[in-house]
There are 2 protein chains.
Amino acid sequence: MDSMVAREQALDAAERLFYGRGIQSVGMDDIRGASGVSLKRLYQLFPAKEQLVVAYLERRDVRWRQRLAEHVEGHEDPGRRILAVYDWLGQWFREPDFRGCAWINSYGELGATSERVAAQVRSHKRAFKGYLSGLASDAGLPAGLADQLFLLAEGAMVTAAIEQSGAEPAVQAGLAARMLVKGYGGAVGH
Amino acid sequence: MDSMVAREQALDAAERLFYGRGIQSVGMDDIRGASGVSLKRLYQLFPAKEQLVVAYLERRDVRWRQRLAEHVEGHEDPGRRILAVYDWLGQWFREPDFRGCAWINSYGELGATSERVAAQVRSHKRAFKGYLSGLASDAGLPAGLADQLFLLAEGAMVTAAIEQSGAEPAVQAGLAARMLVKGYGGAVGH
DNA sequence: CACCGGGGAGAACGATCGTTCTCGCACCCG
DNA sequence: CGGGTGCGAGAACGATCGTTCTCCCCGGTG
């Protein structure tokens with residue numbers, strides 16, 4: 001049972017370090033130091049670093065999508081809900097330790113060498129796109145729009161990471177999204 | 001003088017390997033093997049791996065933007081030129097060795113640890129965005145549109161990389177771009 | 001021919017890292 | 001109390017890698 005808390009501590013440290021400095025530049029020993037979980041315990045929880053990486057991405061995935069969904073659920077109007085996604089992205093981009101999308105970064109780092117990581121990244125992105133599809137169909141908008149909304153969100157994430165421009169890419173993406181929604185015949189409350 | 005050809009060979013090998021397998025997973029020795037340029041020569045051309053990486057990104061940057069510009073220049077109508085960007089992206093995505101945007105990937109891998117790489121990535125993205133701004137203003141469209149066109153292109157690049165879906169993200173981005181251009185009052189010939 | 005400078009092949013070095021092993025301590029069951 | 005078992009601390013191991021060094025050949029110069 002105590003190993004559950006060790007697991008969470010290990011994942012906390014892994015998330016902080018992997019996300020902040022990249023995966024390859026963080027050693028298992030750094031994670032031990034930051035988490036207080038001994039190397040032996042680390043390796044019985046996660047038999048290889050790759051599994052720790054995947055577990056970190058998985059846990060972050062459910063939390064990330066949950067935070068997004070909670071924000072969106074604060075809005076009633078289906079058209080407004082779509083735009084709320086970009087508001088939330090803007091909030092995220094302004095967090096002081098924001099360093100881009102963990103999955104896009106991980107894919108750039110390990111997508112070519114680790115199939116498990118690549119699969120986790122695809123799974124996260126598909127879930128996000130699926131979520132947008134749901135919002136679009138709730139608003140009576142065509143399915144193709146969701147793909148475009150997705151591209152805007154992805155573009156905003158990379159741009160916010162590379163330039164460290166805070167919420168601005170999210171604002172631009174939100175403006176574009178609003179125009180696309182209107183163009184497809186959706187109503188957007190103010 | 002002969003060192004110029006060694007430099008090109010080194011950069012050819014660096015580009016092939018760094019782009020295909022990621023930067024950190026390619027050793028200097030791999031580059032020597034693939035280029036035929038001796039380690040000693042490599043290190044007198046590029047005193048550290050980081051400089052080889054930056055040189056690779058720089059050379060690829062000018063070639064990439066030139067290829068794009070050549071494609072776009074095949075079109076006359078200013079509105080059509082904007083959409084030609086997405087056509088070209090689609091062609092690029094279908095190349096058999098396509099593995100995403102070299103700069104986004106490099107940023108995910110080294111953005112947190114190498115300021116020189118991060119600066120090169122920013123420089124490339126700013127140049128690309130600047131190019132789109134030029135296309136937008138040639139078409140008499142507002143400057144803000146260029147930011148949105150940029151986000152669509154970036155989103156298409158990451159998505160095409162993660163899913164290996166060929167040209168489809170470029171098609172979606174092109175449709176969105178077309179709608180945005182029309183929404184801002186631009187004329188788009190078919 | 002003697003010499004020298006540059007370059008290639010590849011060994012060597014030092015650091016890092018993922019992973020495993022050793023050792024010693026503390027706790028639990030009889 | 002006594003023996004064993006699980007765990008933490010950290011050393012150790014083996015591989016990899018960036019970088020430098022050694023050694024040897026070759027081509028040019030007097």
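Bear in mind that the values here come from a model prediction, so they are computed numbers and not experimental data. The chains referred to below are lettered A, B, ... by the order of the sequence lines, with proteins before strands, and numbering in each begins at 1.
- Residues in residues 89-104 of chain A take part in these salt bridge (Lys or Arg N to Asp or Glu O under 4.0 Å) pairs, two or more places apart or across chains: A/Arg67-A/Glu95.
- In this view, B/Ala173 and A/Leu151, B/Tyr86, B/Leu152, B/Ala156 satisfy the side-chain contact (heavy atoms from CB on, under 4.5 Å) rule, not counting sequence neighbours.
- B/Asp12 pairs by the salt bridge (Lys or Arg N to Asp or Glu O under 4.0 Å) definition with B/Arg59, not counting sequence neighbours.
- Across residues 46-54 of chain A, A/Ala48, A/Lys49 each have a non-hydrogen atom less than 4.0 Å from an atom of DNA chain C (numbered order).
- Under the side-chain contact (heavy atoms from CB on, under 4.5 Å) criterion, A/Met28 pairs with A/Ile31, A/Leu39, A/Tyr43, A/Lys49, A/Leu52, sequence neighbours left out.
- Residues A/Val26 and B/Leu39 both approach DNA chain C. Their nearest nucleotides, taken by heavy-atom distance, put B/Leu39 toward the 5′ side.
- Annotation: ring-ring contact (aromatic ring centres under 6.0 Å, His included) contacts of B/Phe150 (sequence neighbours excluded): B/Phe128.
- Remark: B/Phe18 pairs with B/Tyr56 by the ring-ring contact (aromatic ring centres under 6.0 Å, His included) rule, at least two apart or across chains.
- For A/Gln148 (side chain) and A/Leu180 (main-chain N/O), no donor-acceptor pair under 3.5 Å exists by modelled atom type.
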Taking only distance into account, with no hydrogens and no angle test, what donor-acceptor pairs under 3.5 Å do side-chain atoms of residues 129-147 of chain A form with protein atoms, sequence neighbours excluded?
residue	atom	partner	partner atom	Å
A/Ser133	OG	A/Lys129	O	3.2
A/Ser137	OG	A/Gly134	O	3.4

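- Applying the ring-ring contact (aromatic ring centres under 6.0 Å, His included) criterion to B/Phe98, with sequence neighbours excluded, gives B/Trp92, B/Phe93.
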For nucleotides 6-8 of chain C, give me every protein contact, N/O to N/O, under 3.5 Å, one pair per line with atom names.
residue	atom	partner	partner atom	Å
C/dG8	OP1	B/Arg41	NE	3.3
C/dG8	OP2	B/Ser38	OG	2.9
C/dG8	O6	B/Lys40	NZ	2.7

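- For residues 150-174 of chain B, the salt bridge (Lys or Arg N to Asp or Glu O under 4.0 Å) pairs, not counting sequence neighbours, are A/Arg126-B/Glu163, B/Lys125-B/Glu154.
- In summary, contact between chain B and DNA chain D, defined as any nucleotide atom under 4.0 Å from a heavy atom of the protein, begins and ends at D/dG18 to D/dT22 in the 5' to 3' direction.
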